[in-house]
Amino acid sequence: MRHLLIYYIIILFFLAGCNNEDWLERDPKNIITDEQLWNDPQLIQSLMANYYDRLPSMHGVFNTGGMSEIDDAMWSGHFDENWRNDFQFGDDYGRYWDYGFIRDINLSLENIDEYSVQLSDDQKNLYKAELRFIRAFVYFEMVKRMGGVPLVTTQLIYDYSGDPAYLRVPRAKEYEIYDFIYSELETIKSDLEANNGSQTRANTYTALALESRAMLYAGSLAKYNNLMSSPIMLPGGEVGIPADKADDYYQKSLVASRTIIGSGSYALYDENPDKGANFYEMLMNKGSREVIFAKDFELSLKVHRFSYDNIVRSITEDNEGSSMLTPSLNLVESFDYLDGSEGTLHDKNADGSYIPYENITDIFENKDGRLYGSVVYPGTTFKSVPVSMQAGVAVWEEGQYEFRVAPNLGGQYEDAALWTGFDGPQDNAQFVTNTGFYMRKFVSEASGASTRGVSAQNWWPWFRMGELYLNAAEAAFERGLEGEARGYVNAVRARAGFPENSITTLTMDIIRNERRVELAFEDHRFFDLKRWRIAHEIWDGSDNSEEAVVKGLFPYRVVRPGHEDHNKYIFNRMRPTRFRRARFFRFANYYSSIDPNVLNNNPTLVRNPFH
């Protein structure tokens, strides 16, 4: 007690020595006050950068493991993560319920109104519009996973009255969230004009791009959910959009897409006459007019490890593992031939005999240019280095081929020619393709991009013109405007190397396949299958399914001395050993479950169907 008394006496003497009470009112040196923050554009933009960085995607951008679960690929990385090839979508899969982020945005909006006295009205309107765009983006990510969620646009502050019931906001109807998103974007798009030209901050066209995507989703749900034999819905409308709303949503999506396409501010990237290289460069060259809105990365500031994780095995600049995400044969065969025929690869004759090819690339000749831009397949190069892909040799024995695989990658066969390539493929192996294909899309060729110490700085496209053209095509087609829709599809295909007007009769199946190949690994496939209500049909859990099971294609050099096929190549379809379980999407997966703790804290919330 004596020591405490002495402490207080010292403090009193110290305060008495101050000439006036200004000392007590000085701003602390290590705390930024609200008045300082909300009147300093640089500080506001720093906070905004944090919010942009928090924009959600299914598993986080450039997430190799997540892509192996929801897209046309499998996991070929560490054996201890092989559960990615052996899992079913759980009730909570894809759950996103981020009201901490919503609160931060709402608080920021209120603080601008309260504290930003030194900013001009134009500055305040711009910052508020950006915040509202981010909030609309977050609500879209929630509604497309959870259905209707509580719509909260102001801070929820407890008044310590003892009754928190007024803080328990019930779930809105599913369509009410989509309507809120549209209304917000329509309101703010003119205020975002000051950012027009930026590809990393929200601008007028970014708002329109989100409109295009969100309204297309809402239209699809209104149409296809109600076409199911037992539509998925809740009595209060938290899940389930009335069918009569579909046309209006499609029209809103189409208008937004048309506006961007007709603006001249962006265009399909078409700078390289080599259509495959062009498609790859489209997402690698920063500043491309293809990209409307991107998450940027910069060396020494913020990088990603997608190239480190997925570069071709023999080309990695690091000694540790690579080649973790390996595209499927299913995806490769989704890319059509340029003559318009379906993309099924011709590996066997009608009688079941193997078709020999003079060159290992011949089987892929005249394919959609987007295949080369997305996938490294046998006989191609990466970083101008030939990729050494050969699974082994096919030795003719007793009237049939016997496939022989070298004990080590890069080994020579007894005839002194290549046995198994340095890049495989290998079955039941790690850090080498298990399907016969490697990733090219998003994998940087820059020096150091595949090292742990440097990593890559290419950006992630939130919105780009390839999607906008296909959004417009789908919305127009659903509204019966087949000619207009066909024009959008043909424009995208022409960029990939197809003749102009290659599609003369458009179908929904064609539109869906175009999205599959154009937007592969861009966080669309999973949600497209859900909104069309066909995910349970595609990923049906059957080992006999061509879509639920990832397949591979292994090239072998023919060893048959004295025969015309000697040293030619044949291809063997196979199911990788590591892909142990067919994907199985249940009706419960159309909407993720709400966390039990959230339900316990808010009794007004109703569970999603099948949970």
Side-chain angles (χ1 to χ4, degrees), residues 46-63 65-66 69-70 89-111 127-158 164 167-174 176-185 188 201-202 206-207 210 213-214 217-218 238-239 293 295 302 460 462-463 523-524 526-527 530 589-608 611:
S46 295
L47 178 66
M48 207 78 74
N50 173 269
Y51 288 178
Y52 280 120
D53 189 53
R54 291 165 64 183
L55 287 178
S57 62
M58 181 61 177
H59 288 291
V61 302
F62 291 125
N63 187 308
E69 298 167 12
I70 62 173
F89 301 106
D91 285 0
D92 62 347
Y93 195 81
R95 177 190 291 162
Y96 181 65
W97 189 275
D98 195 351
Y99 280 91
F101 197 3
I102 293 295
R103 179 191 179 279
D104 289 345
I105 297 169
N106 290 340
L107 175 60
S108 295
L109 286 165
E110 293 172 19
N111 282 341
Y127 294 138
K128 289 171 66 176
E130 286 186 82
L131 288 166
R132 290 170 72 177
F133 168 81
I134 294 170
R135 186 174 62 184
F137 192 111
V138 172
Y139 269 113
F140 174 60
E141 288 296 320
M142 286 201 284
V143 70
K144 75 180 187 180
R145 305 158 193 251
M146 312 301 300
V149 293
L151 185 55
V152 181
T153 57
T154 59
Q155 288 192 83
L156 298 179
I157 301 174
Y158 182 48
L167 299 175
R168 294 169 178 157
V169 181
R171 295 176 65 181
K173 292 177 172 59
E174 188 171 17
E176 289 174 339
I177 300 298
Y178 282 104
D179 289 349
F180 168 76
I181 292 167
Y182 179 77
S183 175
E184 283 286 279
L185 296 171
I188 65 176
R201 291 176 63 180
T206 308
L210 182 53
R213 184 186 295 176
Y217 275 54
E238 298 88 350
V239 165
F293 183 51
K295 182 169 186 173
K302 182 179 179 63
W460 174 265
W462 289 119
F463 299 103
D523 207 25
H524 291 278
F526 181 79
F527 293 107
K530 289 212 309 175
N589 300 131
Y590 278 110
Y591 295 92
S592 301
S593 63
I594 301 173
D595 187 278
N597 291 325
V598 173
L599 293 171
N600 291 337
N601 290 333
N602 186 353
T604 70
L605 300 179
V606 295
R607 297 177 186 272
N608 272 331
H611 297 154

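The backbone N or O of P170 sits nowhere less than 3.5 Å from a side-chain atom of N602 that would complete a donor-acceptor pair. The backbone N or O of A202 sits less than 3.5 Å from a side-chain atom of Y52, completing a donor-acceptor pair. In this structure, the side chain of D91 does not engage the main chain of S593 through any donor-acceptor pair within 3.5 Å. Without hydrogens or angle criteria, R171 side chain to L605 main chain gives no donor-acceptor distance under 3.5 Å.
The nearest pair of heavy atoms linking S592 to G94 is OG-C, 3.5 Å. Summarising the geometry of I70 relative to D523, their closest heavy-atom pair is CD1-OD1, 4.0 Å, with the distance given to 0.1 Å. The two atoms that bring P150 and V169 nearest to each other are CG-O, 3.5 Å, heavy atoms only. Contact detail for L185 and A207: the closest heavy-atom pair is CD1-O, 3.6 Å. Nearest heavy-atom pair across P56 and V138 is CD-CG2, 4.3 Å. Minimum heavy-atom separation, I105 to I134: CD1-CG2, 3.8 Å.
Of the listed residues (F180, F101, Y178), just one forms a ring-ring contact (aromatic ring centres under 6.0 Å, His included) with Y139, and that residue is F180.
Inter-residue side-chain proximity for Y99 and V149 is flagged as met; some heavy-atom pair is nearer than 4.5 Å. Counting only heavy atoms from C-beta outward, the side chains of I181 and F137 never approach each other to under 4.5 Å. Using a 4.5 Å heavy-atom threshold, the side chains of R145 and M58 count as touching. Between M142 and I102 there is a side-chain heavy-atom pair separated by less than 4.5 Å. Contact of the V239 side chain with the K173 side chain is not registered, since no non-hydrogen atoms from C-beta on lie closer than 4.5 Å. M48 has its side chain within reach of L131: a pair of non-hydrogen atoms, C-beta onward, lies under 4.5 Å apart. Considering only heavy atoms from C-beta on, R95 comes within 4.5 Å of M146 through its side chain.
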Show your working on side-chain hydrogen bond (donor to acceptor under 3.5 Å, both in side chains) between E130 and Y51 and close with a plain yes or no.
CA-CA 10 Å; E130 286 186 82; Y51 288 178; over 6 Å; no
Apply side chain to side chain contact (heavy atoms under 4.5 Å, CB included) to the pair N608 and H611, showing each step before the final yes or no.
CA-CA 6 Å; N608 272 331; H611 297 154; 3.5 Å; yes
Mind running side chain to side chain contact (heavy atoms under 4.5 Å, CB included) on V61 and W462 for me, showing each step along the way?
CA-CA 9 Å; V61 302; W462 289 119; 3.8 Å; yes
Is there a side chain to side chain contact (heavy atoms under 4.5 Å, CB included) between T153 and R135 once you walk through the steps?
CA-CA 9 Å; T153 57; R135 186 174 62 184; 3.7 Å; yes
Take R607 and I594, measure what side chain to side chain contact (heavy atoms under 4.5 Å, CB included) needs, and give me the verdict at the end.
CA-CA 7 Å; R607 297 177 186 272; I594 301 173; 6.0 Å; no
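No donor-acceptor contact under 3.5 angstrom links the side chains of Y591 and E238, judged on distance only. Side-chain contact of N601 with R168: a donor-acceptor pair under 3.5 Å is absent, judged by distance alone.
Within the cation-pi definition used here (under 6.0 Å to the ring centroid, within 45° of the axis), K144 qualifies as a partner of F527.
Pairs engaging residues 49-59 under the salt bridge (Lys or Arg N to Asp or Glu O under 4.0 Å) rule: D53-K295, D53-K302, R54-D104 [sequence neighbours left out].
Residues that satisfy the ring-ring contact (aromatic ring centres under 6.0 Å, His included) test with Y182, not counting sequence neighbours, are absent from this structure. With sequence neighbours left out, S57 forms a side chain to side chain donor-acceptor pair (under 3.5 Å) with no residue at all.
Taking the ring centroids of H59 and Y93, they lie under the 6.0 Å cut-off. Proximity of the aromatic rings of F140 and Y96 is defined here by a centroid distance below 6.0 angstrom, and this criterion is not met.
The CG atom of L167 lies 9.5 Å from the CD1 atom of I157; values are rounded to the nearest 0.5 Å. Put simply, CG on N106 and CD on Q155 are 7.5 Å apart, with the number rounded to the nearest 0.5 Å.
Note on ring orientation: taking the six-membered ring where Trp is involved, the planes of F293 and F463 are parallel (angle under 30°, cut-offs 30° and 60°).
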